[in-house]
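Notes to accompany the following structure.
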Amino acid sequence: MLKAQLEYIRSKTDIVPEIAIVLGSGLGELADKIDIKCIIDYRNIEGFPISTAPSHRGRFVFGEMEGKKVVLMQGRVHLYEGYSAKHIAFPIRLMRLMGAKKLILTNAAGGINKDLKPGDFMMISDHISCFVDSPLIGKNIDFLGNRFPDMSNAYDIELQKTIKEVAINNSIPLKKGVYCQLKGPQFETPAEIKMISALGADAVGMSTAIETIAAVHCGFKVCAISLITNYACGILDKKLSGEEVVETADSVSQNFEKLIKEIVKSI
Ligand code: HPA
């Protein structure tokens with residue numbers, strides 16, 4: 001399947017991207033601002049999962065950003081759309097097979113740690129993925145990676161260092177913390193947030209840890225930034241909504257775009 005998918009991509013473009021980026025909420029527009037060379041809709045790739053989440057377009061955008069060849073995922077897929085962890089791995093693996101070596105993941109997340117407020121950026125230093133399936137369950141695909149990949153440096157230490165410097169040099173406040181992925185689509189209960197807080201989570205979301213696992217397995221150097229769109233459930237006496245997530249994401253999208261562009265320039 002992966003080989004056929006790669007052949008399809010190669011029939012459309014021969015670009016070998018250096019960096020792959022998954023655009024989460026608030027960043028979708030970034031794809032329209034790069035020097036675009038080619039666009040491929042997921043729905044034209046055989047066996048590919050199609051994004052149904054709000055503000056997720058569902059296509060690969062190839063082009064140049066800050067002088068570097070990139071492939072962007074304008075829209076990702078989530079477990080809550082009915083896809084398995086394996087489906088979620090497809091686009092990540094495909095971008096690696098296209099030749100990308102570094103992966104920047106972005107997402108919207110709820111802030112649990114009291115230091116995090118809506119509009120903040122949090123560089124992910126580690127994750128808790130044990131509430132969701134691994135994308136590596138099933139027969140190992142040996143040409144991608146080994147059966148038992150090490151996760152001790154899942155978020156590459158060197159990339160983290162560079163990102164920290166980029167944020168300081170551009171006066172963009174950047175927090176750092178542990179991301180916990182849950183399945184969704186319902187937001188968490190206060191008891192669930194209390195539980196994952198006790199386990200060490202600083203932020204909670206519904207996407208990224210599975211992608212990181214698939215990416216580490218196939219040899220990507222991974223970094224990830226969460227945009228904190230809301231206080232997690234129970235932190236404030238206030239109801240959560242998907243609209244709030246999208247609104248906050250949109251309100252800081254310019255700064256988020258700047259941070260990502262500067263990261264691309266520097267890594
Ligand atoms: N919980 C889970 N996922 C999220 C949240 C949240 O509070 N905010 C944005 N994505």
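We count ligands from 1, going down the list as the structure has it; atoms in each ligand are counted the same way. All heavy atoms count here, side chains included; hydrogens, waters and symmetry mates do not.
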Pair Asp32 + Arg59: basic N to acidic O under 4.0 Å: yes

Taken in chain and number order and not counting sequence neighbours, the residues that satisfy side-chain contact (heavy atoms from CB on, under 4.5 Å) with Asn113 are Asp115, Leu116, Asp202

Taken in chain and number order and not counting sequence neighbours, the residues that satisfy side-chain contact (heavy atoms from CB on, under 4.5 Å) with Gln5 are Met1, Leu2, Ile45, Phe48, Phe90, Leu94

For Val222 against Ala215, the heavy-atom pair lying closest together: CG2-CB, 3.6 Å

Below 3.5 Å only, please: the N or O atoms of ligand 1 paired with protein N or O atoms, distance on each line.
unit_1: ligand 1; atom_1: 1 (N); unit_2: Glu188; atom_2: OE1; d: 2.9
unit_1: ligand 1; atom_1: 1 (N); unit_2: Glu188; atom_2: OE2; d: 3.2
unit_1: ligand 1; atom_1: 7 (O); unit_2: Asn230; atom_2: ND2; d: 2.9
unit_1: ligand 1; atom_1: 8 (N); unit_2: Gly110; atom_2: N; d: 3.3
unit_1: ligand 1; atom_1: 8 (N); unit_2: Asn230; atom_2: OD1; d: 2.7
unit_1: ligand 1; atom_1: 10 (N); unit_2: Ala108; atom_2: O; d: 3.4

Listed partners of Leu174 passing side-chain contact (heavy atoms from CB on, under 4.5 Å), at least two apart: Phe121, Met123, Ile163, Ala167, Ile225, Leu259

So does Lys265 pair up with Glu262, basic N to acidic O under 4.0 Å? yes

